[in-house]
Amino acid sequence: MTEPAPVQSYQLSSTGGSENATYAFTGGYLNQKGTIKNTGFTRYNLRSNTNIKKVRFGENAQYSYSEAYGMGVNTATAGEDQGEGSPIGWAYRMPTIVPVYDIQGNYAGSRGSRLGNAENPIAVLDRQKGNLSKSNFFFGNVFAEADIIDGLVARTSFGLRYENYSRIEMRYPNLEFSEGNTSNSLTEVNGYRTEWTWTNTLNYNKVFNEKHRLGILLGTEAIKSSSRETTAARNDFFLLGDPNYYYLNNGASAISNGSFGALGSLFSLFGRADYAYNDRYLASITVRRDGSSNFGPENKYGVFPAASVAWRISEEDFLKDVSWLTDLKFRAGYGETGNQRIDANQYLNRYRNSIIQSGYGMGGGNGIVAGVWQNSYANTGVKWESLKSLNLGVDFTLADGVFDGSFDWYNKKTSDMLYRVPLPATAVGGGTSPYVNIGDMSNKGVELALAYHYGRNNDKPFKFDIMANISRNVNKIVKLSDDVSEQPYGFYRSLTTSLLKVGESFGSFYGYKVAGIYQNADDVKNSPSYEGARVGGFKYADVNGDGALTPEDRTIIGDPNPDFLYSLGFNASYKNWDFAAFFNGSQGNDLYDVNRYFTDFPSFDGARSTRLLNAWSPSNPDSQIPSSYVGGSTLEYASSSYYVQNGSFFRMKNLQIGYSIPMENASKTKTGINKLRIYVSATNLFTITKYTGLDPEVGQSFDTFSAPGVDRGVYPIPRQFLIGVNLGF
Amino acid sequence: MKNLKYIAVTILLFSILSCSKDFLDKKPQGELTEEQLTSQDGVEGLLIGTYGLLNGNIDGTWGNYGAGPSQWILGEVTSDNAHKGSSNGDQPEMNALEQHSPTSVNDNLENMWNRCFEGIQRANNTLKILTSLQAGNGGTKFGAEREKEIQAEARLLRAHYYFFLVRAFKDVPYISETTTTPTVPNDKDIYPEIQADLEFAVANLGTAKPKGEIGRMDKYSAQAYLGKVLLYQKKFPEAYAQLNAVILAKPALNTLAFTDNFDITKENGPESIVTVQHSVGTDGTGGENGNVGDMLNFPYGNGLPIACCGFFQPSVDLASAYKVDANGLPLLDGSYRTNPYKSDFGLTAAQKAAYKVDQTLALDPRIDYTMGRRGVPFRDWGIMAGDSWIRDASNGGPFVNYKNTIEAAQIASGTGPGNTNITGLNVNLIRLADVYLMAAECAVETGDLGRAMTLVNAVRARAALLPGKTIGGAPAANYKVGQYTSFPNPTYARNAVRFERRLELAMEGHRFYDLVRWGIAKETLESYFGFEGGYFNYLKGLTIEARDTHFPIPQQQIDRSGGVLKQSTGY
């Protein structure tokens with residue numbers, strides 16, 4: 001299903017200018033084939049910056065065109081969820097006795113007794129190779145400035161982002177699939193996303209008495225964003241899968257179409273004052289008032305102040321003579337920021353008139369009359385989430401830059417967290433629950449960065465640098481609103497993977513704690529048990545001690561937050577050779593491997609993990625893997641610590657070796673080339689981890705909100721080998 | 001020049017600041033607000049939406065099995081009538097229901113709970129916005145007559161959704177249009193509320209369909225439903241009155257064909273009393289308004305007109321119950337289990353190859369309109385071929401479901417585009433024969449055994465009119481439906497009425513709920529597990545506990561209720 005995939009990338013840039021104007025142009029091309037068969041990505045981009053100094057006017061613009069083809073063109077990003085209905089999902093769900101092709105050379109599949117409902121991933125990848133998505137992306141900005149009085153500058157700037165995209169998707173008959181379909185179809189999607197930003201500022205900068213530097217900024221910013229997408233589809237095309245023929249009007253049945261869009265705006269007023277004395281004492285104060293269309297009339301605005309001070313102690317007289325101390329600075333900052341990134345109109349009850357969701361055959365027969373239903377429920381009081389953070393830090397450079405580093409301590413408190421708390425069906429039926437300001441969360445942590453540089457100061461032929469970073473963050477839910485005691489979430493099939501609970505980390509894993517395997521009938525009888533408990537099945541911990549295993553015994557079974565994260569970098573060069581390596585790692589985090597729902601339990605017919613070869617049996621009584629039994633209680637594959645593993649890893653992220661060909665004398669005059677460097681690099685060379693899933697770097701899965709550390713089958717990060725050339729003219 | 005700059009900057013700033021208020025006011029995209037909806041059309045739309053959930057579906061098609069109006073999982077697979085079917089590993093949560101060991105995370109139960117409460121929300125919203133409109137908060141008000149009628153339709157539908165819930169879960173929170181909290185405790189009997197809604201509907205609906213639209217509920221729908229709800233509460237005289245009213249108003253049962261209830265071209269006839277309309281338009285809705293609840297319940301095999309997915313298979317016990325004695329009467333004493341009818345089940349490959357259906361068996365013809373069995377024509381699909389029509393006969397048995405299937409000839413117009421397993425066949429929640437048999441129960445319990453026999457015989461007389469299936473011109477069985485000549489005592493009468501109810505309404509979603517309200521679920525099912533467990537290991541030795549009269553409340557809903565909802569006792 002996977003294959004080695006070539007990547008080509010080219011960048012060409014040109015910069016230049018004169019006293020009055022500067023310019024920069026960049027062009028690029030990227031062609032990346034997917035490591036999953038029949039997938040790939042192409043991108044062209046152009047970029048320009050111009051700055052005409054005399055008239056205080058400028059622009060920068062960027063354009064790119066990209067194309068992606070094949071199955072899952074929008075999700076085939078490393079670290080992203082693939083899920084049960086994807087080639088990766090099917091590859092682990094398809095029984096291993098099903099071949100890729102049958103004896104007649106057609107695709108084989110799960111149509112047959114007890115073969116489950118996985119689809120042949122090779123067949124899907126092949127059939128969907130014609131799926132194509134295209135995107136045009138433009139980003140541009142123009143600005144103008146004018147002096148009003150000495151030191152006071154007015155600036156207005158207008159920026160625009162615009163993307164339009166289109167996509168075609170084809171479906172073939174897939175009769176080899178147990179739940180296959182005889183029809184073929186085409187779906188076509190077209191849409192745009194746009195956002196403009198208009199910023200106006202007045203900026204006053206002045207130095208008094210050579211030592212007092214004062215800066216004052218006042219400004220407004222307005223942002224408006226909108227998007228719209230049209231989808232249309234038909235079935236039954238005369239020719240199968242020929243893109244030349246695949247236009248919607250050629251489809252004979254199942255005519256469908258739809259569109260949706262979004263609209264949002266932000267308006268801010270802000271002011272900032274900076275003051276510095278002799279570059280030794282620095283202070284800054286900011287206040288902003290942000291308004292968002294996402295909130296109701298009473299809660300549109302949030303006010304967010306911030307202040308910071310810094311003391312460059314190394315500039316003080318009493319330290320000026322300390323020769324080994326090159327630079328030393330203490331920093332302290334406090335700031336508040338707001339978050340309004342939620343779906344629009346949460347403060348309103350909203351209804352839809354729909355033929356699908358609320359239609360009914362009122363007249364009998366096949367005619368359907370559209371009806372109305374409430375698809376979204378209001379929280380009239382929804383308001384800004386705010387983040388208050390206090391930061392203390394120190395930066396230092398020692399021995400003329402041989403050592404440098406920084407240390408930070410922070411305490412962040414998120415208040416009124418915006419969260420879509422799923423309400424019971426008695427409140428919202430099948431509609432969408434609104435975002436609420438659910439509670440407060442705290443993040444406290446430290447970050448330390450250290451670096452050692454050799455040979456830089458006196459430009460020795462052999463130079464090297466070592467950089468190390470380590471950070472620790474402690475996350476805790478401090479408060480949940482009154483009507484929420486704890487909030488299980490992260491729904492996947494019958495699993496509920498995650499929990500919000502006061503005093504615990506965000507997204508803690510939630511479920512039964514496996515206490516062992518029932519060894520014999522007496523064990524079942526004498527231990528806490530549940531309906532359908534059996535010899536060879538899971539015995540869970542009776543957390544509340546009532547002698548029975550019930551949902552009340554669910555508890556926290558893991559923490560997706562690491563104890564610490566770290567990285568290590570190493571650069572070296574000798575004459576024309578250069579070398580770089582980068583490693584990163586995470587320690588002490590847990591991962592929740594949801595895929596075991598399919599591979600380790602009889603939830604669905606299909607392939608099983610080789611883990612089960614070591615399952616419990618009377619002759620293998622120490623195994624912690626339940627014996628396979630399709631008649632077992634569904635509680636055996638409920639969310640439990642069986643799904644949770646240590647997710648710590650250490651990974652070699654990147655390795656690069658380069659050689660620059662000396663150009664000073666020989667060819668410069670003839671070819672115009674003044675720089676030529678050839679390099680080879682490799683990414684993701686090795687990973688040390690005990691995690692048994694595909695990849696320990698798991699993205700966050702979103703259903704209503706993020707469930708960190710829940711692995712729903714990620715697209716693994718590929719190992720990449722790269723050969724490159726840098727040329728300079 | 002300098003002044004111009006000041007002016008320009010000042011104008012700029014003021015224009016930016018002054019437009020900010022409107023700038024931050026953005027209307028919902030493609031959605032209606034309450035204000036826009038407070039009109040006659042808005043209220044009528046909400047009412048249509050309330051009907052729209054009768055098929056148990058909001059959108060999409062897969063996964064709406066628990067809430068399907070046929071109640072095939074919670075009403076039939078849980079009883080002695082049917083198996084989940086398909087293969088053992090497919091939809092294991094349904095196995096747990098068949099074996100009466102569901103946990104509170106069973107997806108079919110969540111589906112049932114969530115969909116019913118969506119229906120209730122829609123009914124409540126209809127009533128709420130109607131009240132607001134009539135209070136003068138919107139456009140033109142309704143006249144008093146239509147106002148009452150809308151209330152009656154909405155309250156009848158609300159009663160239906162609550163009835164579905166209370167039958168399945170027992171302890172159900174009651175949310176009305178005036179409830180303001182996200183949920184309320186589920187510690188009260190909600191039958192009085194259901195009854196009140198239905199009584200209101202009986203009083204305010206006319207005998208003609210509202211607005212002349214056949215899909216709507218009328219007075220007879222309300223009376224029949226009220227009768228049924230009263231019967232569930234064992235209020236026999238009151239139920240009897242409501243049910244009798246319906247019987248009197250409708251044509252005699254023997255003038256109506258049994259098959260019309262399961263024929264897409266004959267639906268909405270006089271026998272349809274409370275009906276869920278299923279429609280599969282060519283409007284691109286993809287079958288969402290069709291019978292999605294039963295979309296898995298077709299035979300399974302290559303080359304069949306509809307071939308998904310082999311679920312909901314009649315039991316050997318049900319097939320055998322259609323055996324009749326020399327007088328054409330059912331074997332009420334349970335002796336039908338002697339020498340049971342099990343088609344080619346359990347035969348060796350050689351025996352199967354040589355198998356011929358026994359055409360001399362004395363059978364009630366309703367068997368061949370309730371299930372497909374090997375050797376007998378199945379609608380216009382041809383002769384039912386046995387194992388090649390079945391996904392895994394060793395798991396689901398030798399029979400296939402009949403009533404929710406349609407004629408092959410109707411597939412083009414009667415199934416969803418691209419989804420032949422989603423049909424437009426209606427599901428009758430209450431049909432006239434059901435009303436007869438419910439009235440017969442009331443008659444037995446109020447001591448009128450003669451009338452009970454008359455009603456049962458009416459149902460049987462109509463069954464006797466069913467054309468027997470033929471194989472090459474010869475009857476596929478010795479079809480016979482006799483009339484009872486006497487109900488000697490209440491026990492006999494009760495047994496005869498209940499047996500008739502099973503034969504007439506098998507696979508229509510009643511059986512398990514009937515066993516529970518008769519108080520005989522434990523004895524009946526344990527005896528069934530003993531019998532049927534002889535063929536299907538997974539039923540062997542199962543027992544029924546007190547709690548198994550209902551199902552656990554979805555844990556997810558308890559989790560979301562902030563401690564207000566309590567799991568029902570025993571779970």
Side-chain angles (χ1 to χ4, degrees), chain A residues 113-114 146 148 154 183 200 220 235 253-256 260-265 267 291 293 300 345 348-353 355-364 366 368-369 371-374 422-427 429-430 483-485 488 494 531-532 551 602 604-605 630-631 634-635, chain B residues 5 9 12 16 20 23-24 26 28-34 37 45-46 48-49 51-52 58-59 87-89 92-93 96 101 103-105 107 113-114 117-118 121-122 125 173 175 182-183 213-215 268 277 279-281 283-285 288-289 392 417-418 424 538 555 557 559-562:
Chain A
S113 184
R114 303 183 208 182
I148 296 175
S183 63
N200 296 286
T220 69
N235 281 8
S253 71
I255 298 164
S256 73
F260 60 88
L263 195 58
S265 55
F267 181 75
S293 65
K300 282 220 185 301
N345 305 109
L348 290 174
N349 280 321
R350 284 162 292 145
Y351 302 78
R352 281 186 197 279
N353 184 51
I355 195 160
I356 290 177
Q357 291 143 335
S358 46
Y360 193 63
M362 213 45 115
N366 272 342
I368 299 162
V369 189
V372 176
W373 74 298
Q374 184 173 359
L423 290 174
T426 50
D483 45 349
V484 185
S485 50
S494 60
E531 168 105 12
F604 276 82
D605 283 336
V630 286
T634 53
L635 218 63
Chain B
K5 270 189 207 160
V9 168
L12 204 65
I16 295 161
S20 71
F23 182 71
L24 291 179
K26 294 282 178 267
Q29 299 292 296
E31 292 173 313
L32 296 163
T33 60
E34 219 152 279
L37 204 61
L46 285 162
I48 294 168
Y51 278 97
I58 298 176
D59 56 13
S87 59
N88 193 333
E93 300 284 359
S101 57
T103 59
S104 56
V105 295
D107 55 348
W113 181 278
N114 295 349
F117 272 109
E118 171 61 21
Q121 284 297 115
R122 292 182 183 194
N125 274 334
I175 307 293
T183 193
E213 289 175 331
I214 197 134
N268 290 319
Q277 303 292 326
S279 306
V280 283
D283 48 24
T285 49
E288 271 107 339
N289 297 300
D392 183 357
Y538 53 83
Q555 188 61 40
Q557 295 298 317
D559 289 347
R560 290 177 182 188
S561 75

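Numbered from 1 within each chain, the chains take letters A, B, ... in sequence-line order. Both backbone and side-chain heavy atoms feed into the values below; hydrogens, waters and symmetry mates do not.
- Contacts between D107(B) and chain A at a heavy-atom distance below 4.5 Å are absent for every atom of the residue.
- Comparing S104(B), S101(B), A96(B) by heavy-atom pairs within less than 4.5 Å of chain A, the highest count is held by S101(B).
- Of all heavy-atom pairs spanning G364(A) and N268(B), the tightest one is CA-ND2, 3.7 Å.
- Here the closest heavy-atom approach between residue A425(A) and residue Q557(B) is recorded as N-OE1, 2.7 Å.
- Considering only heavy atoms from C-beta on, R352(A) stays 4.5 Å or farther from L32(B) through its side chain.
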Kindly indicate, with the supporting measurements, whether the criterion side chain to side chain contact (heavy atoms under 4.5 Å, CB included) is fulfilled by W373(A) and N125(B). CA-CA 8 Å; W373(A) 74 298; N125(B) 274 334; over 6 Å; no

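- Using a 4.5 Å cut-off between heavy atoms, L348(A) contacts chain B through its side chain alone, with no backbone atom that close.
- Side-chain atoms of Q29(B) and F260(A), non-hydrogen and from C-beta on, never get closer than 4.5 Å to each other.
- Neither the backbone nor the side chain of Y538(B) comes within contact range of chain A; no heavy atom of the residue lies under 4.5 Å from a heavy atom of that chain.
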Side chain to side chain contact (heavy atoms under 4.5 Å, CB included) between Y351(A) and E34(B), intermediate numbers included: CA-CA 8 Å; Y351(A) 302 78; E34(B) 219 152 279; 2.9 Å; yes

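- There is a side-chain donor-acceptor pair under 3.5 Å between S87(B) and D605(A).
- Judged purely by atom type and a 3.5 angstrom limit, Y360(A) has no side-chain atom pairing as donor or acceptor with the backbone of G49(B).
- With respect to chain A, the highest number of heavy-atom pairs below 4.5 Å among L37(B), T183(B), I58(B) belongs to I58(B).
- No donor-acceptor distance shorter than 3.5 angstrom exists from the side chain of N289(B) to the backbone of N366(A), with no hydrogens or angles considered.
- In this structure, chain A has heavy atoms under 4.5 Å from both the backbone and the side chain of T33(B).
- With a threshold of 4.5 angstrom between heavy atoms, N353(A) approaches chain B through its backbone and through its side chain.
- Heavy-atom pairs under 4.5 Å with chain A peak, among V105(B), N88(B), L46(B), at L46(B).
- Side-chain atoms of E531(A) never come within 3.5 Å of backbone atoms of T103(B) as a donor-acceptor pair (strictly under, hydrogens ignored).
- In this structure, chain A has heavy atoms under 4.5 Å from both the backbone and the side chain of I214(B).
- Residues P602(A) and P92(B) fail the side-chain proximity criterion, which asks for heavy atoms closer than 4.5 Å.
- Note that OH of Y51(B) is 15.0 Å distant from OG of S358(A), once rounded to the nearest 0.5 Å.
- For E93(B) against T634(A), the heavy-atom pair with the smallest separation is OE1-CG2, 3.2 Å.
- When atom types are taken as modelled, the side chain of K26(B) and the backbone of S265(A) share no donor-acceptor pair closer than 3.5 angstrom.
- Contacts with chain B were tallied for G371(A), P424(A), S183(A), G430(A); P424(A) has the most, counting heavy-atom pairs under 4.5 Å.
- Taking CE of M362(A) as the start and CD of Q277(B) as the end, the distance is 9.0 Å to the nearest 0.5 Å.
- The candidate with the highest count of non-hydrogen atom pairs below 4.5 Å against chain B, out of G261(A), G532(A), G363(A), G361(A), is G361(A).
- Atom OG1 of T426(A) is separated from atom CD of E118(B) by 12.0 Å, given to the nearest 0.5 angstrom.
- Interface remark: of the candidates G30(B), G424(B), P28(B), P28(B) forms the most heavy-atom pairs closer than 4.5 Å to chain A.
- V372(A) is not listed as a side-chain neighbour of I48(B), based on a closest heavy-atom distance of 4.5 Å or more.
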